[in-house]
Amino acid sequence: MKIKSQKDFFAGLMFTLVGAGFAWGATTYTVGSGARMGPGYFPLMLGIVLAVLGLVVIFGSLTVETVDGEPIGKIAWKPLVFIIAANLVFGVLLGGLPSIGLPAMGLIIGIYALVIIAALAGAEFSLKLALILGTILAVGSYLAFIVGLKLQFQVWPTFITG
């Protein structure tokens, strides 16, 4: 069988593998049933749906004719590195890194760092726009997670809150 769209084939393969991985990982939790869902029910169903969607995309890539075969382009390293780094920095700032003596900086500082570093991934960088977006996300996250859901985690750095 000939691959008629490389982009769709590899995107479908990625969906299938990630979905299957999530479904497999969800089996380590209690799944339950549709009427009494356990903690593994939603990730299992989501993983299955994602894997099936991936298989549909793979099937389409093998049957739908494209003009040039839609080859895979070069990997965009700059956005990839900045987006991964932004998430890692957010995690470290949110929880701290006791092994090197870095205290938790909290949700607000973590969100601003995440947004600024992720904004560096784009073709154009505007600190003003990144700070505006960071403020919107920080306020929204605070309202959703701390006020609305009443989750208990550090919002501000320890040296501010005492």
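Side chains are part of it too, since the values below use all heavy atoms of this structure and drop only hydrogens, waters and symmetry mates.
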Co-membership, hydrophobic cluster, residues Ile111 and Leu102, 4.5 Å side-chain
yes
Might you work through the side-chain contact (heavy atoms from CB on, under 4.5 Å) test for Leu88 and Val92, ending with a clear yes or no?
CA-CA 6 Å; Leu88 289 174; Val92 167; 5.6 Å; no
For residues Ala130 and Ile116, report the shortest heavy-atom separation together with the two atoms involved.
CB-CG1, 4.2 Å
Please round to the nearest 0.5 Å and tell me the distance separating atom OG of Ser141 and atom CD1 of Ile136.
11.5 Å
Does Phe125 have more than 12 heavy atoms from other residues, nucleotides or ligands lying within 6.0 Å of its CZ?
yes
For Val49, the other hydrophobic cluster members (4.5 Å side-chain criterion, sorted by chain and number) are none
d(Asp8 CG, Ile58 CD1) to nearest 0.5 Å is 10.0 Å
Shared ILVMFWY cluster between Phe90 and Ile100, side chains joined below 4.5 angstrom?
yes
Taking only residues at least two apart or on different chains, which pairs with a member in residues 101-121 satisfy side-chain hydrogen bond (donor to acceptor under 3.5 Å, both in side chains)?
Tyr112-Thr135
Within the 4.5 Å heavy-atom criterion, are Phe22 and Leu46 side-chain neighbours or not?
no
Given the rule in the side-chain contact (heavy atoms from CB on, under 4.5 Å) test, do Phe153 and Leu107 qualify, once you have shown the distances and angles that lead to the verdict?
CA-CA 8 Å; Phe153 54 89; Leu107 178 70; 3.8 Å; yes
Show every side-chain hydrogen bond (donor to acceptor under 3.5 Å, both in side chains) that has at least one partner inside residues 19-30, sequence neighbours left out.
none
Counterpart residues, side chain to side chain contact (heavy atoms under 4.5 Å, CB included), relative to Ala26 (two or more places apart)
Pro43, Leu44
Let me have the donor-acceptor pairs involving side chains of residues 12-19, under 3.5 Å, with sequence neighbours excluded, atom names and distances please.
from	atom 1	to	atom 2	distance (Å)
Thr16	OG1	Gly12	O	2.8
Thr16	OG1	Leu55	N	3.3

side-chain contact (heavy atoms from CB on, under 4.5 Å) for Val115 and Leu131? Distances and angles first, verdict last.
CA-CA 8 Å; Val115 170; Leu131 291 174; over 6 Å; no
Only pairs at least two apart or in different chains count here, so list each side-chain hydrogen bond (donor to acceptor under 3.5 Å, both in side chains) that has a residue in residues 71-98.
none
Identify the two heavy atoms, one from Ala118 and one from Ile83, that lie closest to each other, and give their separation to 0.1 Å.
CB-CD1, 3.9 Å
More than 12 foreign heavy atoms under 6.0 Å from CZ of Phe10: is that the case here?
yes
Examine Leu143 and Leu149 and state if one hydrophobic cluster contains both, with Ile, Leu, Val, Met, Phe, Trp and Tyr joined whenever side-chain heavy atoms are less than 4.5 Å apart.
yes
I need the Ile72 CD1 to Ser5 OG distance, nearest 0.5 Å.
8.0 Å
What's the verdict on side-chain contact (heavy atoms from CB on, under 4.5 Å) for Ile84 and Leu80, showing C-alpha distance, side-chain angles and the deciding distance?
CA-CA 6 Å; Ile84 291 172; Leu80 183 65; 3.9 Å; yes
I need the minimum non-hydrogen distance between Leu94 and Gln154, along with the two atoms involved.
CD1-O, 4.2 Å
Consider only side-chain heavy atoms of I, L, V, M, F, W and Y, link residues closer than 4.5 Å, and tell whether Val147 and Phe145 are in one cluster.
yes
Going only through I, L, V, M, F, W and Y residues with side-chain contacts under 4.5 Å, is there a path from Val81 to Val89?
no
Lys7, NZ atom: more than 12 neighbouring heavy atoms under 6.0 Å
no
Measuring from Leu127:CG to Ile132:CD1, what's the distance to the nearest 0.5 Å?
10.0 Å
